[in-house]
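We number each residue from 1, following the sequence as shown.
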Amino acid sequence: MTATGTYRRRSSTLRTRGLIAAATGGVALVLPLIGAGFASAAPAQAATTEKAAVPAAVTGSVSPQKAAIVTHSVISGDTLSKIAQSYAVAGGWQKLYEGNREIIGSNPSLIRPGMKLAVGAESEAATGASGASSATVTAAPISYADNLDGWIRESLVIMARHGIPGSYDGIHRNVMRESSGNPRAINNWDSNAVAGTPSKGLLQVIDPTFRAYHVPGTPFDSYDPVANITAACNYAADKYGSIDNVFGAY
C-alpha cells in the first residue's frame with residue numbers, strides 16, 4: 001500500500017513542503033530500504049581518483065546566527081590537519097584545535113576515534129561571550145576523494161553552509177544500511193517503484209523528495225552522491241531534526 005502525506009515546512013528556506021510516500025510490508029516509510037543488510041562505521045577505501053570540490057571563497061563577517069557547526073566524528077587515520085583541510089577551516093588545524101581543546105586535551109597530535117569535534121564555524125569560545133565574530137573566512141578550492149569518504153566530507157561542508165545538521169557517522173551509518181555505499185543503487189520492487197518513483201542513490205531518495213529537498217550548490221541529479229546525501233540530510237533535518245536521529249526506515 002502506498003501512503004502519502006503532506007508535511008509542515010520548517011523555517012529554513014531550503015526545506016520546502018514535499019509529498020513523500022513509500023510502504024514496505026504494510027508499514028508506511030519514507031526513503032525506503034533496498035535491503036543492504038549491514039551497517040558499518042568503518043571509513044571507505046582509499047580513493048583512486050579525485051573529485052573537484054565546490055567551495056568558493058567567502059570574505060566578510062561571519063554571522064553566528066547563520067554559521068552552522070558541523071560535528072565531525074574522528075575515525076581511524078584522521079589528523080587535525082586532514083580534518084581542517086577537508087572542511088577548509090580558516091586558520092587550519094591550529095584553529096580547529098583551539099575550538100576543541102577541551103575535548104582533545106593538551107596534545108593536538110593525540111586525537112582518538114570517536115571524538116566529536118566541532119568544525120565548520122567559529123566556536124563560542126573562539127568568538128567570545130558576546131557571540132560576535134569578525135573573522136574572515138576564505139575557503140580555498142580543495143579536492144575530495146571520489147569515494148564514499150570523500151562524498152560524505154564534501155556533503156558536510158555544503159550542509160554547514162546551509163545550516164543542515166548531521167555528522168559523518170550519522171550519514172555513513174544510514175548510507176550503509178540503505179545502499180551499501182552504491183551511488184547507483186535503485187529499488188525496483190517496492191510500492192514506490194510500482195508507482196513510478198523508485199528509490200535511488202546512496203540514501204535511497206525518491207524523485208519527489210529529491211526535488212523538494214534538493215540543496216543549491218549540488219547537481220540536480222538524484223544519483224549524484226553528494227546531491228543525494230545533502231538532499232536526504234535536508235529532508236531528515238526537516239522531519240527528525242538530523243540524519244543522526246535516523247536509525248531505521250525514515
Side-chain angles (χ1 to χ4, degrees), residues 36 38-47 51 53 55 67-126 139 142 144-181 183 202-203 215 225-226 228-237 240-248 250:
F38 70 95
S40 171
Q45 294 180 347
K51 179 179 179 182
I69 296 179
V70 172
T71 300
H72 174 82
S73 183
V74 175
I75 61 175
S76 178
D78 270 349
T79 65
L80 288 183
S81 179
K82 179 180 177 181
I83 297 169
Q85 182 180 13
S86 294
Y87 293 93
V89 175
W93 71 264
Q94 295 91 340
K95 193 67 173 180
L96 182 62
Y97 175 57
E98 178 183 341
N100 293 276
R101 184 185 295 268
E102 291 186 3
I103 298 172
I104 298 170
S106 60
N107 188 346
S109 297
L110 295 179
I111 60 173
R112 297 182 298 276
M115 281 183 172
K116 307 293 184 182
L117 306 182
V119 296
E122 299 268 357
S123 67
E124 182 177 350
I142 57 176
Y144 296 93
D146 192 19
N147 60 12
L148 182 57
D149 178 70
W151 302 329
I152 293 175
R153 292 181 187 277
E154 184 174 349
S155 296
L156 285 168
V157 172
I158 297 170
M159 288 162 59
R161 287 201 211 108
H162 293 283
I164 301 171
S167 71
Y168 185 104
D169 280 354
I171 295 172
H172 190 278
R173 167 170 44 80
N174 283 284
V175 164
M176 297 309 294
R177 186 191 65 250
E178 295 289 334
S179 68
S180 299
L202 290 173
L203 283 169
V215 177
V226 175
N228 189 282
I229 290 172
T230 51
C233 288
N234 194 25
Y235 165 77
Y240 304 100
S242 171
I243 192 70
D244 294 343
N245 299 329
V246 177
F247 291 89
Y250 63 115

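- Using a 4.5 Å heavy-atom threshold, the side chains of Val226 and Tyr144 count as separate.
- The CD1 atom of Ile171 lies 9.5 Å from the CG atom of Leu148; values are rounded to the nearest 0.5 Å.
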Task: Test side-chain contact (heavy atoms from CB on, under 4.5 Å) applied to Leu96 and Tyr87, step by step - done: CA-CA 10 Å; Leu96 182 62; Tyr87 293 93; over 6 Å; no
Task: Stepwise side-chain contact (heavy atoms from CB on, under 4.5 Å) test for Ile229 and Ile243 - done: CA-CA 10 Å; Ile229 290 172; Ile243 192 70; over 6 Å; no
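- The OG atom of Ser167 lies 9.5 Å from the CD1 atom of Ile152; values are rounded to the nearest 0.5 Å.
- The nearest pair of heavy atoms linking Val119 to His72 is CG2-CB, 4.1 Å.
- Nearest heavy atom pair, residue Ala237 against residue Pro165, reads CB-CD, 3.8 Å.
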- [ ] Check the pair Met159, Val215 against side-chain contact (heavy atoms from CB on, under 4.5 Å), reporting the backbone distance first and the verdict last.
- [x] CA-CA 8 Å; Met159 288 162 59; Val215 177; over 6 Å; no
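- Remark: Lys116 NZ to Asn100 CG distance equals 12.5 Å, nearest 0.5 Å.
- Checked by atom type and distance alone, the side chain of Arg153 never pairs as donor or acceptor with a backbone atom of Tyr168 at under 3.5 Å.
- Residue Gly166 comes nearest to Leu156 through the heavy atom pair O-CD2, 3.6 Å, listed as atom of the first residue, atom of the second, then distance.
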- [ ] Given side-chain contact (heavy atoms from CB on, under 4.5 Å), test Arg177 with Phe247 step by step and report yes or no.
- [x] CA-CA 9 Å; Arg177 186 191 65 250; Phe247 291 89; 5.6 Å; no
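- Going from atom CD1 of Ile111 over to atom CH2 of Trp93 covers 11.0 Å, rounded to the nearest 0.5 Å.
- Counting only distance, with no hydrogens or angles, the side chain of Asn174 and the backbone of Val246 share a donor-acceptor pair below 3.5 Å.
- Atoms NE2 and CG, from His172 and Leu202 in turn, are 10.5 Å apart once rounded to the nearest 0.5 Å.
- Taking CG of Leu203 as the reference point, atom CE of Met176 lies at 11.5 Å (rounded to 0.5 Å).
- Put simply, the side chain of Tyr97 gets close to the backbone of Ser106: a donor and an acceptor are under 3.5 Å apart.
- Using a 4.5 Å heavy-atom cutoff, the side chains of Leu117 and Ile103 are in contact.
- Residues Val89 and Lys95 come closest through the heavy atom pair CG1-CB, 4.3 Å.
- Taking every heavy atom of both residues into account, Leu80 and Pro108 meet most closely at CD1-O, 3.4 Å.
- Under a 3.5 Å cut-off, the side chain of Asp78 and the backbone N or O of Pro113 do not form any donor-acceptor pair.
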